[in-house]
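Encoded as structure tokens, the structure appears first; notes follow it.
Quantities reported herein were computed from a predicted structural model and do not represent experimental measurements. We use all heavy atoms of the structure for the numbers below, so side chains are in, but hydrogens, waters and symmetry mates are not. Lettering of chains follows the sequences in order, A, B, ..., and the numbering in each one begins at 1.
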Amino acid sequence: MTLHNPQIAELFNRYAVLLEIKGDNPFRVRAYRNAARTIENLPRDVAAMLGEGDDLTELPGIGDDLAHKIADIVSTERFADFEKLKKQFPPGLADLTEVPGIGPKRIKLLHQKLKIDSLAALTEAARKGRLRGVPGFGAKMEAGILRVAEKHAAGEKRFRLSVAEMVAEPYVRFLRRIKGVRQVTLAGSFRRRRDTVGDLDILVTAVPHASVADRFVTYGEVSEVLANGPTKASVRLKSGIQVDLRVVASRSYGAALVYFTGSKAHNITLRTMGQRRGLKINEYGVFKKDKWIAGRTEKDVYEQLGLPYIEPELRENQGEIEAAAIGKLPKLVTLADIKGDLHAHTEASDGSATLEDMAHAARSRGYEYLAISDHSKYIGVTHGLDPARLAAQARKIERLNAKFENFRILRSTEVDILPDGSLALPDSALKPLDLVIGAVHSKFDLSARQQTERIIRAMDNRYVNIIAHPFGRLIGEREPYALDIERLMKAARERGCFLELNAQPSRLDLSDIHCRMAKKLGLKLAISTDAHTAETLDYMRFGIDQARRGWLEPDDVLNTRGLKELLRLLKRD
DNA sequence: GCCGTTTTCGGCCCGACTGTTTTCAGTCG
């Protein structure tokens with residue numbers, strides 16, 4: 001069991017918390033957090049990189065010292081510094097950072113004065129009124145701690161992007177109706193289109209004294225007001241989601257949007273760049289010796305740093321600023337580049353629309369093609385097609401196609417990959433199809449090696465073209481299964497196969513990080529909706545979001561090709 | 001602990017809100 005990127009990042013983050021409580025150099029703490037973020041977002045496993053002799057110090061935020069530590073962690077599967085430091089503190093102490101309003105300084109204070117070393121001890125002390133004697137702790141703090149104790153694990157919940165949209169849109173409409181409000185823009189990770197968001201950030205420009213924040217907190221869905229100042233407010237909604245508001249004047253709109261869109265790491269890099277040019281950048285604008293010189297639009301802010309506009313989806317401080325500086329930003333794929341959908345279901349299996357309805361919906365979206373890929377007959381899938389029904393469907397598709405001009409339904413199937421890597425349909429059933437999608441819907445608990453080899457074996461079948469939702473994750477419900485994704489991608493490339501970016505907002509599988517990995521490996525991806533109804537063909541935009549976050553350009557995506565070129569690419573030697 | 005179009009040493013983004021303070025530290029984003 002080797003340690004992978006997420007575990008190494010977690011070790012650094014937990015180490016940073018302890019360093020902070022210890023009162024270590026805050027910049028050292030930040031260095032560990034930066035390194036953790038770098039590792040977390042790396043398109044390749046550090047263990048694999050080390051195996052191939054890559055120099056980790058070339059990664060942002062990783063110098064000689066951390067490179068050595070990472071190598072040690074990978075080879076020993078232990079983080080010695082962390083284990084040593086951990087011994088100096090009670091095991092539950094770091095959990096206290098979960099309580100809002102309690103940070104490293106207060107944790108240290110509580111531990112010294114009251115020997116509080118866990119969430120349980122903290123709530124016990126609050127209940128008995130023992131916190132009152134500690135400087136900085138009053139009635140409000142005590143009540144807040146008890147409230148957290150009641151809800152307990154209420155925090156840390158993230159929401160799917162599609163869910164966040166449903167919460168955000170009516171709130172935005174509510175804010176637009178407030179007198180004096182000019183622009184209302186959703187920022188934060190929502191605007192960067194992360195697959196999940198922890199909270200919503202809303203930026204408002206308004207005339208002076210429009211008292212937007214005071215109205216903001218009166219929204220009907222608000223369950224708790226966390227903060228309410230003249231230009232800034234935070235609430236928690238009944239749905240559990242936190243919403244932060246920021247109000248600025250129009251001339252600060254661009255600067256505030258950069259600030260509020262983040263990511264935090266992207267902003268820090270921009271501001272540091274500004275410093276070197278003698279500029280101060282904050283949410284109100286770009287300043288030269290206290291003189292405002294820009295900030296009305298985002299473009300103006302980047303321009304002051306000698307940079308072109310950077311798309312929000314790229315703002316993760318993962319090389320986008322360096323790429324911008326040398327004019328090498330990717331020209332990101334857009335919804336308009338998509339020429340068709342390569343994975344959709346009908347009522348023949350578990351979909352709800354007819355073949356005709358799906359074709360009509362695809363044509364009305366301007367597509368040149370739509371693959372109908374109903375499930376194969378296999379356990380766990382209702383109404384899967386056996387060879388006879390699949391052949392009958394293909395004949396029906398041919399009859400329909402005869403009526404279309406400039407549009408074609410592609411005969412396909414989403415065939416189950418059995419635990420041993422064989423397929424749930426015989427070759428004779430696959431051969432006549434335009435494309436075959438292989439998918440895993442069972443035996444999620446294989447080892448990474450077994451699961452990888454199972455899927456590679458499926459790709460050894462010369463009729464298989466695309467592997468659907470490669471990790472099988474359901475966001476917030478089911479973890480991705482173990483998989484050696486780099487090996488799988490290389491195997492796909494060698495065989496002339498492709499992997500899918502499933503655009504269902506509950507899947508988004510492959511993820512943004514894996515999109516970037518595929519691009520680096522020269523593997524094209526299919527962005528497919530897996531639609532089970534006509535309307536959900538619109539989920540394509542969620543797939544596009546993640547592809548853009550993964551730096552994909554039109555050329556990196558299979559279904560940006562016209563029909564003729566697509567069929568040529570699908571042909572396996 | 002990282003990093004360099006001022007620097008291999010001495011910096012490290014910047015500002016708002018809260019609670020409890022009698023002028024601001026701590027926390028958060």
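Cation-pi contact between A:Arg193 and A:Phe190: present, with separation from the ring centre below 6.0 Å and deviation from the ring axis of at most 45°.
At a threshold of 4.0 angstrom between heavy atoms, the contacts of A:Phe137 are confined to the sugar-phosphate backbone, with no base atom among them. Residue-level contact check: A:Pro100 touches the backbone only, with heavy atoms under 4.0 Å from sugar-phosphate atoms and none from bases. Here A:Lys105 lies in heavy-atom contact (under 4.0 Å) with sugar-phosphate atoms only. Within the nucleic acid shown, A:Ser234 has no heavy atom closer than 4.0 Å to any nucleic acid atom. Note on A:Leu270: nothing from the nucleic acid sits closer than 4.0 angstrom, heavy atoms only. Nucleic acid contact for A:Arg277: none, since no nucleic acid atom lies under 4.0 Å from a heavy atom of the residue. At the heavy-atom level, A:Pro135 lies nowhere under 4.0 Å from the strands shown. Across all strands shown, A:Ala35 has no heavy atoms under 4.0 Å from either base or sugar-phosphate atoms. Backbone-only contact: A:Asn282 has heavy atoms under 4.0 Å from sugar-phosphate atoms and none from a base. Among the protein residues, A:Asp199 comes within range of no part of the nucleic acid, since none of its heavy atoms lies under 4.0 Å from any strand.
Comparing B:dT21 with B:dA25, their C1' atoms sit 9 Å apart, to the nearest whole Å. Of the C1' atoms belonging to B:dT20 and B:dC24, the separation is 10 Å, rounded to the nearest Å. Taking the P atom of each, B:dG1 and B:dT5 are spaced 24 Å apart, rounded to whole Å.
In the region residues 306-314 of chain A, proximity to DNA chain B at under 4.0 angstrom, judged on heavy atoms, holds for none of the residues.
Contact check, A:Lys140 against B:dG19: a side-chain N or O comes under 4.0 Å of OP1 or OP2. In this structure, A:Arg30 reaches the B:dC13 phosphate: one of its side-chain N or O atoms is under 4.0 Å from OP1 or OP2. For the pair A:Gln275 and B:dC14, the criterion of a side-chain N or O lying under 4.0 Å from OP1 or OP2 is met. Side-chain nitrogen and oxygen atoms of A:Arg271 include none within less than 4.0 Å of the OP1 or OP2 phosphate oxygen of B:dC13.
Between A:Phe12 and A:Tyr32, the angle of the ring planes goes over 60°, which puts this pair in the perpendicular group of the 30/60° scheme. Note: A:Tyr302 and A:Tyr309 have perpendicular aromatic rings, judged against thresholds of 30 and 60 degrees for the angle between ring planes.
Of the candidates B:dG1, B:dT20, B:dC17, the closest approach to any side-chain atom of A:Lys69 belongs to B:dG1. Considering only the side chain of A:Gln242, B:dG29 comes nearest among B:dG15, B:dG29, B:dG1. Listed nucleotides: B:dC12, B:dG1, B:dG15. Nearest to the side chain of A:Tyr284: B:dG15.
A:Thr269 is linked by a side-chain contact (heavy atoms from CB on, under 4.5 Å) to A:Asn317, A:Ile321, counting only residues two or more places apart in sequence or in another chain.
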